[in-house]
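Because the structure is a prediction, the values reported are computed rather than measured.
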Amino acid sequence: MTSVLEQKPLFTPEEFRKAFLDNLHYVQGRLLSNATLHDLYMALAYTVRNHMLYKWLHDVQEFLEVPMRVVAYLSAEFLLGPHLSNNLKSLHIYNEVAEALKGEGFSLDAIIAQEEEPGLGNGGLGRLAACFMDSLSTLRIPAIGYGIRYEFGIFTQHIENGWQVEKGDKWLFRGNPWELPRPQIAVEIKMGGRLETEKDAQGNSRTKWIPKHLLRGVPYDTPILGNNTKGTNILRLWKAEAHESFDFSAFNRGDYAQAVNEKMCSENISKALYPNDEPLEGKRLRLEQQYFFVSCSLQDMMRLHLIKTKNIELFALSFSIQLNDTHPSIAVAELMRLLLDEHHISWEKAWEITIQTFAYTNHTLLPEALEKWPLPLFQDTLPRHLEIIYAINHHFLNQVRKKFPHDPEKVARLSIIEENREPNGNKFVRMAHLACIGSRMINGVAALHSELLKKSLLKDFYDYDPSKFVNITNGISPRRWLTVTNPALATLCHEVIGDRWRCHLEELERLKGYANDPAFQEKWNQIKLINKQ
């Protein structure tokens, strides 16, 4: 059978016009005569997305047919920025679309301004994650970004009487045309509860987790396009839903609040980016958020792996998982749980798979910025994972004692469990320690940062195993920061040194040769002046 993907769709101005009007009429249900600017934005976004999906489906087909290892990028933040302008630039159809819309009497800039920016991050961590996904697509490295589909992203700022007032970021209020919901592959997530021991068919003791709560993780996919459609990867964000969203018996009793209580409690997990973690319940929600998206993502990876091969022991050949900071580091214990409890693999083999799978990116040099959870809270929320962490820590510290037999202080500093030595002191689970122990590689985000990790923050881990430490400098997306935000300067660079810099940023070094060129200087300064105006 001939695949529909063998024929690349044409994109003439007339075909674009027809596709745009079709989306306006049949998706938005609007006529040109009564369409708002937002209606036009939605129709244009669907038109561009459909064009992107051609390449995406090609890449999915290749993933299913060709053995390959996929990068899974686990991050609590993805600060993507607006999609429309970036995708038009990546498709290299920005000018053509602008001309086509101008012919209909519309301004592309005015339509682009309608987009609600997805505020799924609050700074550098999320922006680097977004740039990383952009680069992976451009380099044709197959990847899936995994995170949370926060209903409310970073807050919207208002100034009232000279003071900042934070209000909810309703970025989904009018819909998100870039995402594709996938409810058919939703997964089940456990929280809280207790542990029981039972015998399997072979007479082996198995731990069974009896959860207090169950909820569903529903994925929403967004295509992430590489420059010039070199590749298209996906960002898969998870929304939390109740396992049973409506208690009919409570409703019949007249207890209407209780009838929807489970729905409200479950949906809180993906409600907002970074809840305040000063109160205990805020800490609990953060931990639940992190475990929620990590478990959803690992179950999804296992589903994809088993589509291609039935041997779960080859999991590390299908996925290389990058932990973006400590937020997703519970993944180390969750992968062990899935391998041990769901697939009945031996401890030794499960740990071997885990170590081969994970790598950890550290983003800080401040000890107080490394996440740690009070032991009672952790045990109450994730009892099985604490049991697994104790076992990981026991095996690891035995190795540390062999290597440093006369240094009990180093053993204490390397332990995943931090003990407060004051009377009645609390104990904590140190998530960065779990990430370091469970990963095959550890890196900072710049050469200087990676060196300082070895000398200060993670020195004990470096002393124990220096071979784990590497440097990977997380960069920016030149297409976003230059082509989209400063198109005039991007055009000048193109005229002077060609177009190769878009994928090879070192090419910009060649601009130094024009530093004293009067004609180049005049154009450069004119662009700066216009931008300032």
Can you check side-chain contact (heavy atoms from CB on, under 4.5 Å) on Ile185 and Arg236, steps first, answer last?
CA-CA 12 Å; Ile185 55 172; Arg236 179 159 285 174; 3.8 Å; yes

Residues Asn443 and Ser450: side-chain donor-acceptor under 3.5 angstrom
no

Is atom NZ of Lys308 surrounded by more than 12 heavy atoms (other residues, nucleotides or ligands) closer than 6.0 Å?
yes

Are any side-chain N or O atoms of Ser439 and backbone N or O atoms of Ile442, one a donor and one an acceptor, separated by less than 3.5 Å?
no

Would Asn87 and His51 satisfy side-chain hydrogen bond (donor to acceptor under 3.5 Å, both in side chains), going step by step from the backbone distance to the final call?
CA-CA 10 Å; Asn87 287 333; His51 193 61; over 6 Å; no

With a 3.5 Å distance limit and no angle check, can you tell me whether Asn23 reaches the backbone of Ala19 through a side-chain donor-acceptor pair?
yes

Would you check if Leu101 and Phe20 make a side-chain contact, meaning some heavy-atom pair closer than 4.5 Å?
yes

What do you reckon, is NZ of Lys170 surrounded by more than 12 foreign heavy atoms closer than 6.0 Å?
no

Electrostatic pair Glu15-Lys18, nearest N-O below 4.0 angstrom
no

Just by distance, do the side chain of Ser270 and the backbone of Ile148 share a donor-acceptor pair under 3.5 Å?
no

In terms of ring plane angle, is the pair Phe396 and Phe461 parallel, tilted or perpendicular, where the classes change at 30° and 60°?
parallel

Classify the angle between the aromatic ring planes of Trp351 and Trp347 as parallel (below 30°), tilted (30 to 60°) or perpendicular (above 60°).
parallel

Please answer whether the main-chain N or O of Leu340 pairs with a side-chain N or O of His343 as donor and acceptor at a distance below 3.5 Å.
no

Do Leu88 and Leu108 come within less than 4.5 Å of each other through their side chains, counting heavy atoms only?
yes

Validation row: Asn324, Phe132 side chains within 4.5 angstrom (heavy atoms)
no

Student check: side-chain heavy atoms of Ile111 and Leu37 closer than 4.5 Å:
yes

Do Asp169 and Tyr150 make a side-chain contact, defined as non-hydrogen atoms from C-beta onward lying under 4.5 Å apart?
no

Where is the tightest heavy-atom contact between Ala45 and Pro177, given as atom of each residue plus distance?
CB-CG, 3.5 Å

Should the ring pair Tyr146 and Trp238 be called parallel, tilted or perpendicular, given that the plane angle runs from 0 to 90° and is split at 30 and 60?
parallel

So, does Gln289 use its side chain to make a donor-acceptor pair with the main chain of Lys271 at under 3.5 Å?
no

Salt-bridge criterion met for Glu342 and Arg337 (N-O under 4.0 Å)
yes

Parallel, tilted or perpendicular: rings of Tyr41 and His38 (30°, 60°):
tilted

Examine distances only and state if a side-chain atom of Ser295 and a backbone atom of Tyr291 form a donor-acceptor pair shorter than 3.5 Å.
no

Do any N or O atoms from the side chain of Ser75 and from the backbone of Phe78 form a donor-acceptor pair under 3.5 angstrom?
no

Within-4.5 Å side-chain heavy-atom neighbours: Leu180 and Leu53:
yes

Heavy atoms, side chains only, cut-off 4.5 Å: are Lys468 and Tyr360 in contact?
no

Quick check against the 3.5 Å criterion: does Asn233 have a side-chain atom that pairs as donor or acceptor with the backbone of Ile141?
yes

Should Asp517 and Val496 count as side-chain neighbours, where that means a heavy-atom distance under 4.5 Å?
no

Donor-acceptor contact present, side-chain Ser329 to main-chain Met431, <3.5 Å:
yes

Would you say the side chains of Tyr274 and Glu77 form a donor-acceptor pair under 3.5 Å?
yes

Under 3.5 Å, side chain of Gln299 to main-chain N/O of Glu188, donor-acceptor pair present?
yes

Step by step, work out the side-chain contact (heavy atoms from CB on, under 4.5 Å) result for Leu457 and Leu370.
CA-CA 10 Å; Leu457 186 71; Leu370 297 179; 3.9 Å; yes

Passes side-chain contact (heavy atoms from CB on, under 4.5 Å), Leu237 versus Glu179? Steps please.
CA-CA 9 Å; Leu237 301 178; Glu179 66 183 10; over 6 Å; no

